[in-house]
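The structure appears right after this line, and notes come after that.
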Amino acid sequence: MKEYGHFDDASKEYVITRPDTPWPWINYMGTGDFFSLISNTAGGYCFCKDAKYRRILRYRYNGVPMDAGGRYFYIKDGNTVWNPGWKPCKTALDSYECRHGMGYTRITGEKDGLRAELLFFVPLGQRCELQRVRLTNTGNTAKEIKLYSFVEWCLWNASTDMENFQRNLSTGEVEIEPDAIYHKTEYRERRNHYAFLGVNRRFDGYDTDREAFLGMYNGFDAPRQVLAGTSGNSTAHGWSPVAAQRFDLSIAPGESEELIFVLGYVENRPEAKFSAPGIINKAPAREMMEKFSTGAAFDEAFAALGEWWDGLLGRFRIESAVPELDRTVNIWNQYQCMITYFMSRSASYFESGIGRGMGFRDSNQDLAGIVHMVPDRARARILDIAATQFPDGGCYHQYQPLTKRGNNDIGGGFGDDPLWLIFGTVAYIKETGDFSILDEPVPFDNKPGSEVSLLEHLKISFARVADNPGPHGLPLIGRADWNDCLNLNCFSLDPDESFQTTENVSGGQAESLMIAGLFVAEGRDFAELLEHPAVAAPQEYVQKVRSAVAAMEEAVKHYGWDGEWFLRAYDFYGRKIGSSENEEGKIFIESQGWCAMARIGAEEGLCDKALDSAVKLLECEQGMVLNTPAYSEFIPDYGEISSYPPGYKENAGIFCHNNPWVIIAEAMAGRSEDAWRLYRKISPAFPKDQDLRKVEPYVFCQMVAGRDAARPGEGKNSWLTGTAAWTWKCVSEFILGIKPQYDGLLIEPCIPLKYGSYKVHRRFRDAEYELTIHCTGKSAKEFLPYKPGKHYLEITL
Ligand code: BGC
Ligand code: NOJ
């Protein structure tokens, strides 16, 4: 097996030791509204607030070679041209290392006695990416070299940037100063923002026109100016504006040169747009450059970022006998949860940043991964999401982060959506004890004047499902449930329409057992919330909720049990899906997970049976597949699920997001060996064949190809996935057993005995718990009432 890198836990970094990873291994930078994606070869892009509408750097998704474009530094040393991150020139390096850390990336390359260390990060509270280039002469002779910076600007709207060439090849505009290049396309009209690449010294030459810098038929790997050691001093007028700055440096043996670049974004007030006719007001950019013009200021901002991340991650820390578990829990899973919260499903190396904004369902689930770190942000997010709901409880499936307005770009009418608002709100209140959020006025569809309390939103969410049962008393699936691809009311035969947005056949009565389980679990949570003294809802209403839950349980037991497992759905015609009667798709993971988490029929043994069946039929080497057998042909009655070749995505892929549902249910059933084995399988930090898995070994991915695929075990859609929050909930609450409750922490672990002694440091509101836990194999639990202050406790269970 090839080795591509290793974890460095002390510095919370993953160290990549060769640049030709099986797929670009990326990191994210940013904590507020300016974000960067950066690969291990410095590829990627940045944006402010919205990956579609405020894209700063251009990126080519299907580029060849892979991962073309980013922030590149070229070094011309004699006749050799190289990049510290290997790409784009791919000149062989004497040494290479990339360290992805918490919100920063360091790339170090060495060639012919010159070491180049690049450090990239987005400082707290700033709209810029800082880039420090440190060049050290490690040889015995003086070096006369030329260093070039290079970025290519995106003309803001990442979508039209790729399409509307008849316009955008004529709109590009720049301004140039001795130490900065400004990108100001469309600033002359309605935009009040520009971007810039500034540096803390004057450059010796520059280019702002791509063709002048690269040459018409050259790639990024052979810029003609760099090859010649020159600059065109070009000014872009239309076509493709870039920023390429040249520095002629001489470095004595043992000496270093350091340059600090600011890749920034500025918004000006409409009345302060220009400093002279047609000349952009650069004062804010100048201020930003000034702020970071010294090494000391750079170091200080970098240290502050480190402290910020340490503060967040330090709220939950463990010491166990399993290093892979410690690094997942203490570092990477929490980090991924934060990134997923920031990005939702918008910008990654699998999500273009153009098509998918913030999902109603996704963003609610993401909260479970971050609420213990950033409760205030979770609060604000819940209110934003709820404000996109309709008065009848339905919701837009997604909203655009820039405007916070819902849109129908990826459809609407998903049967499960409203229930996730209960899930998110419950998670928030259990963590924070802040019941006041329930009284917040929240509008419908963002319409001023339509406000009702958040609690009312939860009630209509619940009612939306409770009051609209299907023929078997089970929830209607609508366009789909959690599984976006189970499109039972759609029947699309036209390859040019999207399964997600095609008009559904009216009156569709297809029902979902996944939503049934979700409804029972969330309905119970909701009732418990309503009964809490801080809410004290009228008993009559609570009873109504409880009886709706009970009725659903009965419906599931009656119509949703297949004998050995829970059915998945009833289709448009009332036929079973996920039944032993079916030829393919006999069993599905989602309904086993949700109905068993809801403990439906637990006393009659249904949950144990369903879990046994899930393990027996769905488990394979890298986790549990979504359904089995895979659909071998396209079935219009089922929709997108059967559009995927067997083993991929929703058609029998290992969809990691839903694995923790079963793992949690296993833990609830006290089956620790199963829970642990299944958790290990999907967790990236446990040894994996990296060439096969391809994607980053430090984050969970949405999907790993299942056993029916051509290459089982191949990972895809790393980073932005509900897997992050669910595996976090699974490991923190159910395996390690630290469960936030309205009035304290419930300690109820489920971990194999040999790992059963461990320490947990848990910040909970104004309290800190230092726990030493010993599990003895009984399924015991202990409740720790919330009390501010520091508590040292040794707990034997
Ligand atoms: C994917 C789903 C995704 C959906 C919505 C489908 O093609 O398979 O995973 O949620 O698109 O964009
Ligand atoms: C990815 C989507 O983001 C999520 O909302 C959905 O539940 C899964 N795909 C499964 O289809």
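For ligands, and for the atoms within them, numbers begin at 1 and follow the listed sequence.
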Within a radius of less than 6.0 Å around CD of E163, do more than 12 heavy atoms belonging to other residues, nucleotides or ligands occur?
-> yes
Which protein N or O atoms sit under 3.5 Å from any N or O of ligand 2? Give atom names and distances.
{"unit_1": "ligand 2", "atom_1": "3 (O)", "unit_2": "R356", "atom_2": "NH2", "d": "3.4"}
{"unit_1": "ligand 2", "atom_1": "3 (O)", "unit_2": "D362", "atom_2": "OD1", "d": "3.4"}
{"unit_1": "ligand 2", "atom_1": "3 (O)", "unit_2": "D362", "atom_2": "OD2", "d": "2.8"}
{"unit_1": "ligand 2", "atom_1": "5 (O)", "unit_2": "R361", "atom_2": "NH1", "d": "2.8"}
{"unit_1": "ligand 2", "atom_1": "5 (O)", "unit_2": "D362", "atom_2": "OD1", "d": "2.7"}
{"unit_1": "ligand 2", "atom_1": "5 (O)", "unit_2": "D362", "atom_2": "OD2", "d": "3.3"}
{"unit_1": "ligand 2", "atom_1": "7 (O)", "unit_2": "R361", "atom_2": "NH1", "d": "3.2"}
{"unit_1": "ligand 2", "atom_1": "7 (O)", "unit_2": "W482", "atom_2": "O", "d": "2.5"}
{"unit_1": "ligand 2", "atom_1": "7 (O)", "unit_2": "W482", "atom_2": "NE1", "d": "2.9"}
{"unit_1": "ligand 2", "atom_1": "11 (O)", "unit_2": "W482", "atom_2": "O", "d": "3.3"}
{"unit_1": "ligand 2", "atom_1": "11 (O)", "unit_2": "D484", "atom_2": "N", "d": "3.0"}
{"unit_1": "ligand 2", "atom_1": "11 (O)", "unit_2": "E650", "atom_2": "OE2", "d": "2.5"}

Does the side chain of E696 come under 3.5 Å of the side chain of W719 through a donor N or O and an acceptor N or O?
-> yes
Flag for D366-T340: side-chain donor and acceptor within less than 3.5 Å | no
Is it true that the side chains of Y399 and D409 contain a donor and an acceptor less than 3.5 Å apart?
-> no
Near ligand 1 (heavy atom, under 4.0 angstrom), the protein residues are R356, D484, C485, Q500, E640, Y644, K649, E650, F655, Q702
Residues that D708 engages under salt bridge (Lys or Arg N to Asp or Glu O under 4.0 Å), provided they are two or more places apart = none
Which of F444, F390, F526 passes ring pair (Phe, Tyr, Trp, His ring centres under 6.0 Å) with H457? Answer is F444
Where is the tightest heavy-atom contact between S461 and Q389, given as atom of each residue plus distance?
-> OG-NE2, 2.9 Å
Residues which pass salt bridge (Lys or Arg N to Asp or Glu O under 4.0 Å) with R379, listed by chain and number, not counting sequence neighbours = D434, E440
Flag for K649-Q702: side-chain donor and acceptor within less than 3.5 Å = yes
